[in-house]
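Quick caveat: nothing in here was measured; it's all calculated off a predicted structure. Side-chain atoms are counted along with the backbone in the values below, which use heavy atoms only and exclude waters and symmetry mates.
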Amino acid sequence: MIVLYLIFIALFAFVLGGLNGAIITSKLAYGDDIRKHGSGNAGLTNFYRTYGGQGAFLVVLIDVIKTALPVILGGNLLADHFAFANVEERILLGRTFAGLFAVIGHAYPCFNDFKGGKGILAAGTMILFLDYRVFLIVAVVFFSVVALTRYVSLASVLTALAFPIAMLVLGMPFWATILAALCATFVIYRHRENLQRLVKGEERKLSLGKKPEQAEQPEQKEEESS
């Protein structure tokens, strides 16, 4: 029976995770497709660089809600219908499991040709619902690296690494920590091209206050995070 519940949670999280905030907002607010601009990545960073701050709140809102719903549902289903471990551990495991598939759905949205973002915002939302201490740790890592280097991709990768480490240090359940490590590995994999550019010194830095770059030339294809 638990296998059926896990399959349902995974499918629900993957499908709902495919509701990409950047794509939806670019189409609703601008009659456009974010994937036609900048890096071609359907994430918050490329959205901000293309359209500016307007509409970014809606992108965040959509991506947070579409991740929070399956995460909460996953925790509740395992907590209410099964008796292994204790309630807190079942909730944590269900939320981490659902969050992992929501991140995958965000990266490969079934509604948009399986071309989505990098999963950072979705992963951050999942972590927020897991444990506030883990969330504070990864938030400090992310914003510190961005402030020091202005490389969102580097901050995203280091934040992904910090996620399972924080889970391990804080003594989180074994299987939830394993799922966190899988999520981190997936996010880092999605940033593989960014890492290559970082090594070559070709990665773009985040520039706050710059004008939107809708007129950016097509050949300037770089993949940012989100």
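- Looking at I127, V138, L154 one by one, the single match for side-chain contact (heavy atoms from CB on, under 4.5 Å) with T159 turns out to be V138.
- Applying the ring pair (Phe, Tyr, Trp, His ring centres under 6.0 Å) rule to Y132 yields no partners; only residues at least two apart in sequence or on another chain are considered.
- The aromatic rings of F8 and F12 sit parallel, their planes meeting at an angle under 30°, below the 60° perpendicular limit.
- Between R197 and E203 there is a salt bridge, with a side-chain nitrogen of the basic residue lying less than 4.0 Å from a carboxylate oxygen of the acidic one.
- In this structure, the side chains of L161 and L158 come closer than 4.5 Å at one or more pairs of heavy atoms.
- Linking ILVMFWY side-chain heavy atoms closer than 4.5 Å, directly or via other members, places L128 and V140 in two distinct hydrophobic clusters.
- If you take CG on L170 and CD1 on I165, they are separated by 11.5 Å, rounding to the nearest 0.5 Å.
- One finds the CD1 atom of I23 at 11.5 Å from the CG atom of L28 (value rounded to the nearest 0.5 Å).
- When all heavy atoms of G55 and T25 are compared, the closest pair comes out as O-CG2, 3.6 Å.
- By the salt bridge (Lys or Arg N to Asp or Glu O under 4.0 Å) test, D33 is found to be paired with R35, residues two or more places apart in sequence or in another chain being considered.
- Hydrophobic clustering places F129 together with V134 (ILVMFWY residues linked when any side-chain heavy atoms are closer than 4.5 Å, directly or through intermediates).
- Applying the ring pair (Phe, Tyr, Trp, His ring centres under 6.0 Å) test to F101 and every residue at least two apart in sequence or in another chain returns F97.
- Residue pairs meeting the salt bridge (charged side-chain N to carboxylate O under 4.0 Å, His left out) criterion with at least one member in residues 91-116, sequence neighbours excluded, do not occur.
- Here CG of L179 is found 8.0 Å from CE of M167. Values are rounded to the nearest 0.5 Å.
- I137 and L148 fall into different hydrophobic clusters, where Ile, Leu, Val, Met, Phe, Trp and Tyr residues are linked whenever their side-chain heavy atoms come under 4.5 Å apart, directly or through other members.
- Side-chain contact check for L19 versus F111: some heavy-atom pair is nearer than 4.5 Å.
- Distance check, rounded to the nearest 0.5 Å: CZ of F47 to OG1 of T45 gives 12.0 Å.
- Heavy atoms of other residues, nucleotides or ligands lying less than 6.0 angstrom from OH of Y189 number 12 at most.
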Next on the checklist: Go through it in stages, so that I can follow the logic: the residues are I120 and V187, the test is side-chain contact (heavy atoms from CB on, under 4.5 Å), and I'd like the CA-CA distance, side-chain angles, deciding distance and then a yes or no.
Outcome noted: CA-CA 7 Å; I120 286 297; V187 170; 3.5 Å; yes
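- Under the 4.5 Å side-chain contact rule for hydrophobic residues, L100 and L92 do not share a cluster.
- Cluster membership check: M172 does not share its hydrophobic cluster with I91, using side-chain heavy-atom separations under 4.5 Å among Ile, Leu, Val, Met, Phe, Trp and Tyr.
- At least one side-chain heavy atom of F14 sits under 4.5 Å from a side-chain heavy atom of I104.
- Contact annotation: the side chain of P173 never approaches that of L93 to less than 4.5 Å [non-hydrogen atoms, C-beta and beyond].
- The shortest distance between side-chain heavy atoms of V157 and V145 does not fall below 4.5 Å.
- Aromatic ring orientation, Y51 versus H37: perpendicular (interplanar angle above 60°, classes split at 30° and 60°).
- Sequence neighbours left out, not one pair with a member in residues 13-22 passes salt bridge (charged side-chain N to carboxylate O under 4.0 Å, His left out).
- Taking the side chain as every heavy atom from C-beta outward, R190 and Y108 approach each other to under 4.5 Å.
- Sorted by first then second residue, the salt bridge (charged side-chain N to carboxylate O under 4.0 Å, His left out) pairs that include residues 121-139, not counting sequence neighbours, are D131-R133.
- Expressed to the nearest 0.5 Å, how far CE of M126 lies from CD1 of I72 amounts to 13.5 Å.
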